[in-house]
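Treat the numbers as computed from the prediction; the structure is a model and nothing was measured.
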Amino acid sequence: MLCFLWRCIDRWIKFCRKKLCRKSVHSMATVHDVFVQGKYQVADIVVDGEDPLSPPKPLLIVHPTEEGLYPTLVFLHGFSLQNSMYSQLLHHVASHGFTVVAPQLDNILRSDWVEDIKSVAATVDWLPAGLQPKLPEEVRPDLTRLAIAGHSWGGKLSFALSLGIEAKPRLAFSALLGIEPSDGTAPGVQIDPPVLTFVPDSLDPKVPVLVVGAALSSVKREPELPACAPEGVNHEEFFKESVAPVFYAVARDYGHVDMLDESVPVTVCAGGDNREALRRFVGGIMVAFLKAYLILDADDLNKIFEMPDRVSPVVLSTVEVKKN
């Protein structure tokens, strides 16, 4: 009798383990999907300023080719860079069902960035009337589900626009993403208008925030060169100052521009060896965050922050969430 009971218990344990294993594998596969290309084929559209109906700034638009209504992301490039240098990253995001609009800014070193902030605000205000005519008729951008993201200098501008510093678009953003955001060369050494205040929880864009950092961004590639995103004005400070909810992840072995296209040489910033892995991570965490706050599906985002060692394609030195 005891042997019979023991065999029954043993079979039940094995059955439960199989069920849990299947559930775990399914869960892991789901979250891994955001770190690879999505199910949608995508296409590029370049919009210049020659057409009277064109936007205030030239655009690179990356969109799914399949008929549908897609949430929209405005992406701002870093200083002295081109929007086309992020093509692989933007393709990754768009392939998961998002329309991505990337303005090409002037890359002129000015005494302040006010003109740049205003030009992006004007470009966002152009979207309701101007974006759909530039897209295939069957591809419809959903501007009621709109997010803004930026890398480096573009991250600073994204925060400025979300906070209404110098200009605020008429369209409302539902999420803010700072990819290696940077605001100057040191605390107090910032080109106007400054965004960072060096006061914790002082930046309140009134939307959820994702801050993605790279641990090597504050490391000098050469002793005589400055770091590309110095301590005190980089991703860490943006996280500290942003009001919850804020999601923060730092890639341990990578630098400030390692998410750029593989064909873009990195000559100034310290960086890692496997840039493809970082692009997958940055693209994937952006997708997970956009899904959470534009589509209201937070499963992937939660899994990334609950089990980063199991799902992330790169090693993360910091994973933190500030909640309301």
Side-chain angles (χ1 to χ4, degrees), residues 42-65 68-91 93-94 97-110 112-179 193 205 207 260-261 286 290 294:
V42 302
D44 295 353
I45 298 173
V46 176
V47 181
D48 58 30
E50 297 178 359
D51 186 333
L53 299 178
S54 289
K57 292 295 177 184
L59 301 179
L60 170 62
I61 303 170
V62 186
H63 65 89
T65 57
L69 178 67
Y70 301 103
T72 303
L73 173 69
V74 175
F75 182 88
L76 306 180
H77 62 79
F79 185 72
S80 80
L81 300 173
Q82 305 291 315
N83 53 11
S84 59
M85 293 178 176
Y86 301 83
S87 178
Q88 290 173 294
L89 177 64
L90 302 186
H91 278 222
V93 174
F98 298 93
T99 300
V100 184
V101 179
Q104 178 57 54
L105 305 180
D106 290 342
N107 281 329
I108 298 173
L109 185 59
R110 315 181 199 272
D112 64 63
W113 300 128
V114 173
E115 183 177 334
D116 302 276
I117 293 170
K118 290 182 176 178
S119 70
V120 176
T123 301
V124 174
D125 287 340
W126 169 89
L127 296 176
L131 181 55
Q132 180 63 75
K134 302 297 181 183
L135 292 166
E137 185 177 351
E138 67 277 9
V139 176
R140 292 167 290 133
D142 186 351
L143 299 179
T144 67
R145 296 183 290 170
L146 177 68
I148 187 167
H151 168 236
S152 188
W153 170 64
K156 168 181 173 143
L157 299 185
S158 298
F159 269 83
L161 285 157
S162 298
L163 294 164
I165 297 174
E166 298 296 343
K168 194 171 182 69
R170 290 189 292 271
L171 285 176
F173 298 119
S174 298
L176 168 62
L177 301 79
I179 311 303
V207 296
L260 297 179
D261 286 357
M286 289 175 68
L290 293 171
L294 299 187

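For Lys57, the side chain to side chain contact (heavy atoms under 4.5 Å, CB included) partners are Pro103, Leu105, Asp106, Ser119, Thr123, not counting sequence neighbours. Here Ser87 pairs with Asp44, His91, Asp261 under the side chain to side chain contact (heavy atoms under 4.5 Å, CB included) rule; sequence neighbours left out. Checked against side chain to side chain contact (heavy atoms under 4.5 Å, CB included), Ala43 has the following partners two or more places apart in sequence or in another chain: His63, Thr65. For Ser152, the side chain to side chain donor-acceptor pair (under 3.5 Å) criterion is met by His256, not counting sequence neighbours. Remark: Phe173 engages no residue in a ring pair (Phe, Tyr, Trp, His ring centres under 6.0 Å) (not counting sequence neighbours). Residues satisfying the side chain to side chain contact (heavy atoms under 4.5 Å, CB included) test with Ala149, not counting sequence neighbours, are Leu73, Phe75, Leu177, Met286. Residues that satisfy the side chain to side chain donor-acceptor pair (under 3.5 Å) test with Thr144, not counting sequence neighbours, are Asp142. Remark: Phe98 engages no residue in a ring pair (Phe, Tyr, Trp, His ring centres under 6.0 Å) (not counting sequence neighbours).
The side-chain heavy atoms of Pro71 and Leu146, taken from C-beta on, include no pair separated by under 4.5 Å. Between Val93 and Val62 there is no side-chain heavy-atom pair separated by less than 4.5 Å. The closest side-chain heavy-atom distance from Ile148 to Ser162 is below 4.5 Å. By the 4.5 Å heavy-atom criterion applied to side chains, Lys156 and Trp113 are counted as neighbours. Residues Leu161 and Val120 are in side-chain contact: their nearest non-hydrogen atoms beyond the backbone lie under 4.5 Å apart. A heavy-atom distance below 4.5 Å is found between the side chains of Pro193 and Ile117. In this structure, Gln132 and Leu127 have side chains that are not in contact, with every pair of non-hydrogen atoms separated by 4.5 Å or more.
Within the structure, salt bridge (Lys or Arg N to Asp or Glu O under 4.0 Å) contacts touching residues 123-141 (residues at least two apart or in different chains) are Asp51-Lys134, Asp125-Arg170. Listed by first then second residue, pairs satisfying salt bridge (Lys or Arg N to Asp or Glu O under 4.0 Å) with a partner in residues 112-123 read Arg110-Glu115, Arg110-Asp116, not counting sequence neighbours.
The main-chain N or O of Gly78 is found under 3.5 Å from a side-chain atom of Tyr86 such that the two form a donor-acceptor pair.
Aromatic ring pairs are classed by plane angle as parallel below 30°, tilted from 30° to 60° and perpendicular above 60°; the pair Phe79 and Trp153 is perpendicular.
Under the 3.5 Å distance criterion, with hydrogens and angles disregarded, no donor-acceptor pair is assigned to the side chains of His77 and Gln82.
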